[in-house]
Amino acid sequence: MRETSLTFWDHFLPKIVTVLREGYSLRDLRADALAGLTVAIVALPLSTAIAIASGVGPERGLYTAIVGGFLVSALGGSRYQIGGPAGAFIVLVAACVMQTGIEGLILATFLSGFLLVAVGTLKLGSYIRFIPYPVTVGFTAGIAVIIAASQMKELLGLTLAGPEPSEVVAKVGALWSARDTLTPAAVAVAAGTIAMIETLKRLAPRLPNLLLAVVIAGLTVQFAGLPVETIGTRFGELPRVLPMPSLPSLSSEAILAALPFAISFTLLGAIESLLSAVVADGMAGTQHRPNAELIAQGWANVGSALFGGFCVTGTIARTATNVRAGSRGPVSGMLHALFVLGFMLVAAPLAAYIPLASLAGVLAVVAWNMFEKEEFWNLLRTSRGDAMVVLVTFLLVVFRDLTEGIVVGFALGGLVFIRRMSETATAEPAAIPEAGDAVTADRVVYRLRGPYFFGAAAMLGSALDRFAERPRTFVLDFAEVPFIDSSGARSFELLARKMARRGGHLFITGANVEVRRVLLAQGLREPHVRYLPDVASVDEVLAAGS
């Protein structure tokens, strides 16, 4: 279906309206409640772990999951999307906090929300989906490495002499310098958490392995009296209610400082949320509305910022959990947010006993699962073009910048695509029964195949020029050319003028309506060129030209 044929509602109608129109029964509500509870149990430790890794208090991760998660599901264009804080944002959020403080982070999230609404309203969501697969694999692999590196301090219980650097190379150097401060108890708790998660995943996949592993680690630390830092020792007791909503500071200086991070949040959030929606579509056989999804992500970020949270996006792991848990639609995502709120109201004091090493173990598992190892190695073996794109994206994300990695990877992916499409365009002598031999001393008949655009023009243009140097009559068969752009058409216009100066004639046959329109628009008109209705007329042209 063409984009222009879609109605307003096809772009912007929230999926919850579609689900309710289909008929929503009590049985559906029970299924969504169970799915929402399952996702909330997964989201609880992840939200706090991601918040701590991002350099903010754990309570802000809960605010983000509650407010942002509810709005993403209530307004979104995906049937199963679960919104909340995401591991992919850890590096950006931490950098934003270091440069602008918590207030700057909240303002950047607020601005990013309006930017996402604008992107969705302009219907740009349909284009974000075209990011090449090697770029997404390289990007997620780079994020996984960054997350793993960010958790080494807590995994090993290290004490740094100063602030932990954000750059990977500097971070590794600082961690190595602090190796003498390693805490065996923290290593044991982190290792035990990872082992518990993996064991439960294999032996009892239906149980909430993340939450159980964190709870068991907390109980072990308390009863054994292990010298391990906890949420309570670092952050104090978590609040039991949501804060009152308030606007961030909107001074011009604050906006200018936060705007670069807001743009990065917007780009990364759009990609991450639509990628998550695509994953859900693949699992459930549905189709999301990308522009409605981006608008929902935008309002979710605005709402999260008003309540002291940070950037919200679609989360692949929680969305996949939602689908597998039997969700019937967006209600499960809304209930997941309410369940997280309920947990905060009831169990906030207990969170103070959670060891930071166990949360680091949770994020280590998340990072390991994010690194799509098989897909990464397959792309390295598939072709040099794909290998270059995935490696460059990966290395730029790890050692330079997330946004730079995406932009450069996308550009390289586009160049690889252009190269491959250009190689599909061919020009070869045509076999015309009425004409006998297709190539003689004073006539050439060539058949073009494939799309003829600026890439193909660069590769075949000089060859066609050489073909046309000697003959008086040059016939080009466009019957198998589905598409031509202005650059390709311009090369034929120059060819026609060159032949005319030498007393030759250029004939074009078989061009479809769209191809002929572009050729005419670039000046391929009589007397420089003549159009034939079909290939059968070539024999008459050759006779006339001789």
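None of the values given here were measured: they were computed from a predicted structure.
Taking CG from Leu412 and OG1 from Thr393, the interatomic distance works out to 7.0 Å, rounded to the nearest 0.5 Å. Here the straight-line distance linking atom CZ of Phe310 with atom CG of Leu92 works out to 12.0 Å at 0.5 Å rounding. Considering CG of Leu247 and CD1 of Ile106, their distance stands at 11.5 Å, rounded to 0.5 Å. Note that the CD1 atom of Ile295 and the OG1 atom of Thr121 stand 4.0 Å from one another [nearest 0.5 Å]. The distance from the OG1 atom of Thr48 to the CZ atom of Arg60 is 15.0 Å, given to the nearest 0.5 Å. Atom CD1 of Ile354 and atom OG1 of Thr230 lie 9.0 Å apart (nearest 0.5 Å).
If you check the side chains of Asp32 and Tyr24, you find a donor sitting under 3.5 Å from an acceptor. Between the side chains of Thr181 and Thr159, no donor N or O sits under 3.5 Å from an acceptor N or O. Looking only at atom types and distance, the side chain of Thr319 has no donor-acceptor partner in the side chain of Arg324 under 3.5 Å away. Counting only N and O atoms by type, the side chains of Glu272 and Thr313 include no donor and acceptor under 3.5 Å apart. A side-chain donor-acceptor contact under 3.5 Å links Gln81 and Ser276. A donor-acceptor pair shorter than 3.5 Å cannot be found between the side chains of Ser112 and Asn301.
Here the side chains of Thr183 and Leu156 are not in contact, with every heavy-atom distance at 4.5 Å or above. Two residues are said to be in side-chain contact when any heavy atoms from C-beta on lie closer than 4.5 Å; Glu293 and Leu274 meet this criterion. Side-chain contact between Thr136 and Tyr133 is present, with heavy atoms from C-beta onward closer than 4.5 Å. For the pair Ile52/Phe235, a side-chain contact is recorded, criterion being any heavy-atom separation below 4.5 Å from C-beta on. Between Pro243 and Tyr63 the shortest side-chain heavy-atom distance falls below 4.5 Å. The closest side-chain heavy-atom distance from Leu250 to Phe110 is below 4.5 Å. Using a 4.5 Å heavy-atom cutoff, the side chains of Leu111 and Ile255 are in contact. The side-chain heavy atoms of Ile263 and Leu115, taken from C-beta on, include a pair separated by under 4.5 Å.
Salt bridge annotation for Arg234-Glu154: present, with a cationic side-chain nitrogen under 4.0 angstrom from a carboxylate oxygen.
Under the 30°/60° scheme for interplanar angles, the aromatic rings of Phe376 and Phe371 are found to be tilted. Classification of the Phe265-Phe261 ring pair by plane angle, with boundaries at 30° and 60°, yields tilted.
Under the 3.5 Å distance criterion, the side-chain polar atoms of Ser358 are matched with a main-chain donor or acceptor of Pro355. Judged by distance alone, with hydrogens and angles left aside, the side-chain atoms of Ser177 form a donor-acceptor pair with the main-chain N or O of Gly173 at under 3.5 Å. Between the side chain of Thr199 and the backbone N or O of Met196, no donor-acceptor pair lies under 3.5 Å. When atom types are taken as modelled, the side chain of Asp386 and the backbone of Ser383 share no donor-acceptor pair closer than 3.5 angstrom. Side-chain atoms of Asp28 never come within 3.5 Å of backbone atoms of Arg328 as a donor-acceptor pair (strictly under, hydrogens ignored).
Between Ala108 and Ala262, the shortest heavy-atom distance links the atoms O-CB, 3.4 Å. When all heavy atoms are compared, the tightest approach of Ala53 to Gln151 is CB-NE2, 3.1 Å. The two atoms that bring Arg318 and Ala86 nearest to each other are NH2-CA, 4.3 Å, heavy atoms only. Residues Cys311 and Thr109 share a closest heavy-atom pair of N-OG1, 3.4 Å. Here the shortest heavy-atom pairing between Val228 and Ala357 reads CG1-CB, 4.2 Å. The heavy-atom pair separating Ala387 from Leu380 by the smallest distance is CB-O, 3.7 Å.
Within a 6.0 Å sphere centred on CZ of Arg179, heavy atoms belonging to other residues, nucleotides or ligands number more than 12.
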Pair Glu404-Ser264, side chain to side chain contact (heavy atoms under 4.5 Å, CB included): steps then yes or no | CA-CA 10 Å; Glu404 186 175 330; Ser264 297; over 6 Å; no

Step-by-step side chain to side chain contact (heavy atoms under 4.5 Å, CB included) determination, Leu107 to Thr100: CA-CA 9 Å; Leu107 177 57; Thr100 66; over 6 Å; no

### Task
Decide yes or no on side chain to side chain contact (heavy atoms under 4.5 Å, CB included) for Lys153 and Leu160, but give the supporting numbers first.
CA-CA 8 Å; Lys153 175 178 176 290; Leu160 303 184; 4.0 Å; yes

Would Thr18 and Arg289 count as a side-chain hydrogen bond (donor to acceptor under 3.5 Å, both in side chains) here? Give the steps.
CA-CA 11 Å; Thr18 302; Arg289 300 183 178 112; 3.1 Å; yes

Working for side chain to side chain contact (heavy atoms under 4.5 Å, CB included), residues Thr220 and Val189: CA-CA 8 Å; Thr220 302; Val189 169; 6.0 Å; no

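Within the cation-pi definition used here (under 6.0 Å to the ring centroid, within 45° of the axis), Lys373 qualifies as a partner of Trp368.
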